Amino acid sequence: MFDLSVQEAARIALWAAFAVLVYAYVGYPLLMAVLARFFGRHLRQSDPVPQRVSILMSVRNEAGRIRDRLAELTRRLAAATPHGEIIVVCDGCTDATAAIANEFHESGVRVLEIPEGVGKAAAVTRGVATSGADVILLADARQRFDSQTIPSLLSPFADPSVGGVSGELVLEESPGVLAGVGAYWKYEKWLRKNESKLHSQIGATGAVSAVRRKYFEPIPDGLILDDVYWPMQVVAKHRRRVVFQADAKAYDQLSEHAGDEFRRKVRTLNGNLQLVAAAPRLILLGFNPLWGRFISHKLLRLACPWAIVLMVPAAILAGDAVSLFVLGVISGFALTGALALLTPLGKANRILSTVGSFTMLNMAAFLATCYWVLRRESDRLWVTNRG
């Protein structure tokens with residue numbers, strides 16, 4: 001039996017929590033970068049690029065955007081392949097979305113109306129079931145594609161080991177405190193790129209991604225992270241890769257309001273816990289070959305705010321100079337983040353906005369876990385998931 005004093009136990013807890021933070025945000029991404037550098041895999045272009053393609057959009061009350069979006073997509077699709085169609089799933093629409101989409105019938109647009117509104121996961125599953133294409137391209141109504149996005153999404157499928165492809169979501173810079181979210185998104189894309197080079201990225205960008213129809217698994221009704229569920233099924237069940245394609249770009253912009261981004265992040269992070277409950281085999285080595293990366297990338301982010309909370313009393317109880325210095329750093333970082341979020345300082349300085357965004361993301365992770373533990377759902381958390 002170990003006979004630890006309170007101070008020794010507190011010191012162990014402090015450095016264990018610190019190790020979780022460092023590994024989640026620095027150690028794991030650097031490990032992926034190093035492994036991708038030396039053991040990365042190249043695509044093998046041995047098969048023809050698929051030509052039978054369906055672009056699928058699940059929408060709800062998008063009458064204000066759907067006409068411009070379909071005009072763009074029909075033009076892009078016609079330039080990319082002669083055997084393409086667009087499926088618009090109107091999920092519980094009560095406006096003119098379906099009527100406007102039907103105007104594009106002669107341009108290869110089909111409309112599937114679901115009057116009762118079943119949610120995005122079920123709507124996507126129903127839409128895929130109506131397609132006879134080889135590849136399903138998933139898109140949203142809000143973003144716009146680059147001229148090379150569709151060909152770039154399709155080209156990796158010439159490699160038979162590829163079952164899914166994720167494009168790159170480009171966020172237009174925000175002049176305010178949310179500029180730091182843009183910096184975080186660049187960091188996240190760098191990590192996904194390295195995961196992809198090594199084997200597969202964890203999840204896909206829902207606004208710009210593609211999957212071989214034969215490998216698409218029905219998404220459980222009500223699942224928030226459909227764009228993580230189907231890629232993990234492609235990898236774990238069908239043993240195919242999901243790769244990152246930087247040339248397949250979709251353009252979006254951050255909300256002008258930090259509260260909107262905060263609610264979106266709470267919902268997304270809560271979705272990680274929902275995903276594990278719906279598909280617990282994803283954290284099993286025998287089922288998911290990427291189980292360690294899935295835990296490191298998706299689940300440890302949820303543990304980080306709790307690690308920070310644990311570090312505060314642990315540092316106080318440890319009482320030594322180094323521990324108290326760590327406490328001072330934590331307090332200073334939290335204060336800086338709060339000032340960046342709540343005062344004009346976050347809009348005036350890029351470094352402060354990054355600290356503020358990091359603080360906001362960890363607050364969202366903390367609240368997401370609380371929501372999950374308490375089993376509380378809120379309609380106020382509903383915003384379009386960016387993936």
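Sequential numbering from 1 along the given sequence is applied to the chain's residues. Note that this is a predicted model, so its numbers are computed, not measured.
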Just by distance, with hydrogens left out, do Asp320 and Ser323 show a side-chain donor and acceptor under 3.5 Å apart?
yes
Distance only, no hydrogens: is a donor on one side chain within 3.5 Å (strictly under) of an acceptor on the other, for His238 and Glu217?
yes
Could you tell me the separation between the CH2 atom of Trp291 and the CD1 atom of Ile283, rounded to the nearest 0.5 Å?
9.5 Å
Measuring only between side-chain heavy atoms, which start at C-beta, is Lys120 closer than 4.5 Å to Val89?
no
Quiz question: by atom type and distance under 3.5 Å, do the side chains of Thr94 and Asn61 form a donor-acceptor pair?
yes
Check: Val124 and Trp230 side chains under 4.5 Å, non-hydrogen atoms
no
Min side-chain heavy-atom separation Leu112-Arg126 under 4.5 Å
yes
Do Trp15 and Phe18 have ring centroids that are under 6.0 Å from one another?
yes
Is there a continuous path of hydrophobic side-chain contacts, each under 4.5 Å between heavy atoms, that joins Tyr28 to Val26?
no
Arg37: what forms a salt bridge (Lys or Arg N to Asp or Glu O under 4.0 Å) with it, not counting sequence neighbours?
none
Electrostatic pair Arg301-Glu188, nearest N-O below 4.0 angstrom
yes
Non-hydrogen side-chain atoms of Arg76 and Thr149 separated by less than 4.5 Å:
no
Show, in sequence, the C-alpha distance, side-chain angles and deciding distance for Ser54 and Ser131, and conclude whether the side-chain hydrogen bond (donor to acceptor under 3.5 Å, both in side chains) test is met.
CA-CA 7 Å; Ser54 292; Ser131 172; 2.8 Å; yes
Answer yes or no: are there more than 12 heavy-atom neighbours, outside Arg281 itself, under 6.0 Å from its atom CZ?
no
ILVMFWY clustering at 4.5 Å (side-chain atoms), partners of Phe366
Trp306, Val309
Taken in chain and number order and not counting sequence neighbours, the residues that satisfy salt bridge (Lys or Arg N to Asp or Glu O under 4.0 Å) with Lys193 are none
Are Arg67 and Glu103 within salt-bridge range, i.e. N to O under 4.0 Å?
yes
Donor-acceptor pair between Asp252 and Gln143 side chains, under 3.5 angstrom:
yes
Lys189 bridged to Glu195 by N-O distance under 4.0 Å
no
If you measure only the distance, is there a donor-acceptor pair under 3.5 Å linking the side chains of Ser161 and Arg239?
no
Is the terminal nitrogen or CZ of Arg142 (NZ for Lys, CZ for Arg) located under 6.0 angstrom from the six-membered ring centre of Tyr251 and within 45° of that ring's axis?
no
I'd like to know if Arg65 and Glu62 make a salt bridge, using a cut-off of under 4.0 Å between side-chain N and carboxylate O.
yes
Transitive ILVMFWY cluster of Phe244 at side-chain heavy atoms under 4.5 Å: who else is in it?
none
Are side-chain heavy atoms of Asp134 and His83 found at a separation under 4.5 Å?
no
CZ/Phe287: more than 12 non-hydrogen atoms of other groups inside 6.0 Å
yes
Tell me every residue that passes side-chain hydrogen bond (donor to acceptor under 3.5 Å, both in side chains) with Gln245, counting only those two or more places apart in sequence or in another chain.
Ser155
Residues which pass side-chain hydrogen bond (donor to acceptor under 3.5 Å, both in side chains) with Tyr23, listed by chain and number, not counting sequence neighbours
Ser296
Just so I know, are the side chains of Gln201 and Val242 near enough to count as touching, which here means a heavy-atom distance under 4.5 Å?
yes
